[in-house]
Amino acid sequence: MISRILVVDDEENIRFTFDSFLSDEGYTVTTASSLQEGKKLLQEQEFDLIFLDILLGRESGLEILREVREKGLQTPVVMITGAPEVETAAEAVRYGAFDYIPKPIMQENLLRVARLALDHKKLLVENETFKMRLEALFRCAREGIFITDNELKVAEVNEAAKEIFGCDDSIVGKRLDELGSDGSYATLAKFNDMIKARFECEIYRLEGVYPTGNNRNINLSDSPLPTHEGVDYGYVLIIRDEGEVSAVA
C-alpha cells in the first residue's frame with residue numbers, strides 16, 4: 001500500500017523539493033501552503049505522515065500538531081525548521097512530534113526521516129490491532145482470566161472470572177493474598193503458592209464451594225509476563241470451571 005504524505009509549508013520551493021524527493025520514492029504527496037489549507041486537507045483525507053513547517057507566515061504550525069494529538073491520530077508529524085527555530089522544533093518533539101528536519105533540506109536526510117516515521121506508524125497500527133484482538137479475546141474467553149502486576153495485585157479481570165468467583169471490578173488493585181482470606185475468593189490464594197513455587201503452566205484441580213452455593217471443580221494455571229530482559233512484570237492466571245462435583249453414593 002502506497003503511503004500518503006502531507007507537506008505543509010508556506011515556501012513554494014520547499015513544497016516542490018519535498019514533493020519531488022518523496023514522489024520519486026513512490027510516495028503519494030499532497031502539499032498545502034498555509035495553516036488553514038493544511039487543516040482542511042487533514043479533515044478531508046487520511047495521511048500516513050505529515051511534514052509541517054514550524055512557522056506558516058504569521059501563524060504557527062504547532063496548531064496542526066495539537067489537532068493531530070487531540071484527535072488521537074496515529075499519524076507521525078515531522079517539523080520543518082530553519083536554524084533559528086531548532087529549539088522550538090525540539091520543544092515540539094516534547095509535545096508529540098516524531099522528529100524535526102532542518103532547512104536546507106537534504107534528500108538523504110529527508111528520505112531517512114520519512115522511512116523512520118512511516119515504520120513508526122506501521123508499528124503503532126500493528127500494536128493497536130494486536131491490543132484490540134487481545135481485548136476481544138479477554139472479553140469473550142470462557143475461561144476466567146486474571147492479570148496481575150509483579151506484586152501480584154490484580155490489574156484486570158474478565159467477565160468469566162467475575163462470574164466464577166462472584167466478584168466485580170472492586171478487586172482490581174488488591175493482592176491475591178488479600179483476596180485469599182475473603183470467603184469465595186479463597187481459591188485465589190492457591191495462585192500465590194503456585195507462583196512462588198515457579199510452577200508455570202502446570203494445572204491444578206481444586207474443589208470448592210463457589211457463589212452459586214454448589215461444590216465445583218476448578219482448574220488453575222498461571223504463566224509469567226516477562227520483559228525482554230527476562231524479568232517478570234506480571235502474571236496471567238487462568239481459571240477453568242469444570243462443573244459441579246458429582247455426588248458420591
Side-chain angles (χ1 to χ4, degrees), residues 1-134 227-231 233:
M1 185 175 180
I2 299 175
S3 297
R4 297 178 55 83
I5 299 176
L6 173 64
V7 179
V8 186
D9 197 294
D10 59 351
E11 295 183 49
E12 184 177 0
N13 64 320
I14 294 292
R15 297 196 302 275
F16 176 82
T17 298
F18 272 75
D19 192 354
S20 177
F21 288 165
L22 294 169
S23 296
D24 285 349
E25 286 296 303
Y27 301 124
T28 297
V29 182
T30 303
T31 63
S33 61
S34 67
L35 179 68
Q36 295 306 318
E37 187 181 356
K39 283 186 172 183
K40 186 172 184 293
L41 285 168
L42 197 57
Q43 291 171 353
E44 296 172 346
Q45 303 177 41
E46 293 184 3
F47 296 96
D48 300 299
L49 171 60
I50 299 171
F51 284 99
L52 175 63
D53 196 3
I54 288 280
L55 295 177
L56 295 167
R58 295 183 178 181
E59 297 179 298
S60 172
L62 294 178
E63 286 190 34
I64 291 180
L65 173 62
R66 283 193 289 268
E67 189 170 316
V68 168
R69 295 299 160 244
E70 287 172 1
K71 289 182 176 180
L73 302 179
Q74 294 180 324
T75 308
V77 177
V78 176
M79 309 308 297
I80 309 168
T81 178
E85 291 82 45
V86 168
E87 184 177 343
T88 305
E91 183 179 358
V93 171
R94 291 195 292 273
Y95 282 98
F98 175 77
D99 202 350
Y100 64 88
I101 186 168
K103 302 174 185 178
I105 305 303
M106 307 301 291
Q107 183 176 17
E108 182 179 350
N109 190 33
L110 172 62
L111 297 180
R112 178 186 62 82
V113 172
R115 284 192 295 269
L116 288 173
L118 290 169
D119 285 346
H120 178 72
K121 164 73 181 298
K122 181 180 178 182
L123 183 61
L124 288 177
V125 172
E126 289 176 350
N127 286 345
E128 185 64 23
T129 301
F130 182 65
K131 180 180 177 183
M132 290 173 63
R133 289 173 177 170
L134 280 182
T227 64
H228 292 299
E229 293 75 27
V231 178
Y233 67 90

How long is the span from the [atom1] atom in [X] to the [atom2] atom in [Y], to the nearest 0.5 Å?
{"X": "T81", "Y": "L52", "atom1": "OG1", "atom2": "CG", "answer": "11.0 Å"}
{"X": "Q36", "Y": "L41", "atom1": "CD", "atom2": "CG", "answer": "11.5 Å"}
{"X": "Q74", "Y": "K122", "atom1": "CD", "atom2": "NZ", "answer": "14.5 Å"}
{"X": "Y27", "Y": "R115", "atom1": "OH", "atom2": "CZ", "answer": "6.5 Å"}
{"X": "L118", "Y": "E25", "atom1": "CG", "atom2": "CD", "answer": "11.0 Å"}
{"X": "L6", "Y": "F51", "atom1": "CG", "atom2": "CZ", "answer": "10.5 Å"}

Compare every heavy atom of [Y] with every heavy atom of [X], then report the nearest pair and how far apart it is.
{"X": "E63", "Y": "K39", "answer": "OE1-NZ, 3.0 Å"}
{"X": "E37", "Y": "T31", "answer": "OE2-O, 3.7 Å"}
{"X": "F98", "Y": "V113", "answer": "CE2-O, 4.4 Å"}
{"X": "A114", "Y": "L22", "answer": "CB-CD2, 4.1 Å"}
{"X": "P76", "Y": "D48", "answer": "CD-O, 3.2 Å"}
{"X": "G61", "Y": "L56", "answer": "CA-CD1, 3.9 Å"}

Side chains of [X] and [Y]: does their closest heavy-atom pair fall under 4.5 Å?
{"X": "I54", "Y": "Y100", "result": "no"}
{"X": "D10", "Y": "E59", "result": "no"}
{"X": "D99", "Y": "H120", "result": "no"}
{"X": "L73", "Y": "E46", "result": "no"}
{"X": "I50", "Y": "L42", "result": "yes"}
{"X": "I105", "Y": "F18", "result": "yes"}
{"X": "L49", "Y": "K121", "result": "no"}

Quick test of your reading of the model: are D53 and R15 salt-bridged, counting only N-O distances below 4.0 Å? no
Below 4.0 angstrom, N of the basic side chain to O of the carboxylate: do E108 and R112 qualify?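 Looking at E108 and R112, the cut-off is not met.
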Pair E44, T30 - check side-chain contact (heavy atoms from CB on, under 4.5 Å), show working. CA-CA 12 Å; E44 296 172 346; T30 303; over 6 Å; no
Does any N or O in the side chain of S23 come within less than 3.5 Å of the main-chain N or O of D19, such that one atom is a donor and the other an acceptor? yes
Is there a donor-acceptor contact under 3.5 Å from the side chain of T75 to the main chain of F47? yes
If you count the non-hydrogen atoms of other residues, nucleotides and ligands that lie under 6.0 Å from [atom1] in [X], is the total more than 12?
{"X": "K71", "atom1": "NZ", "value": "yes"}
{"X": "E12", "atom1": "CD", "value": "no"}
{"X": "E126", "atom1": "CD", "value": "yes"}

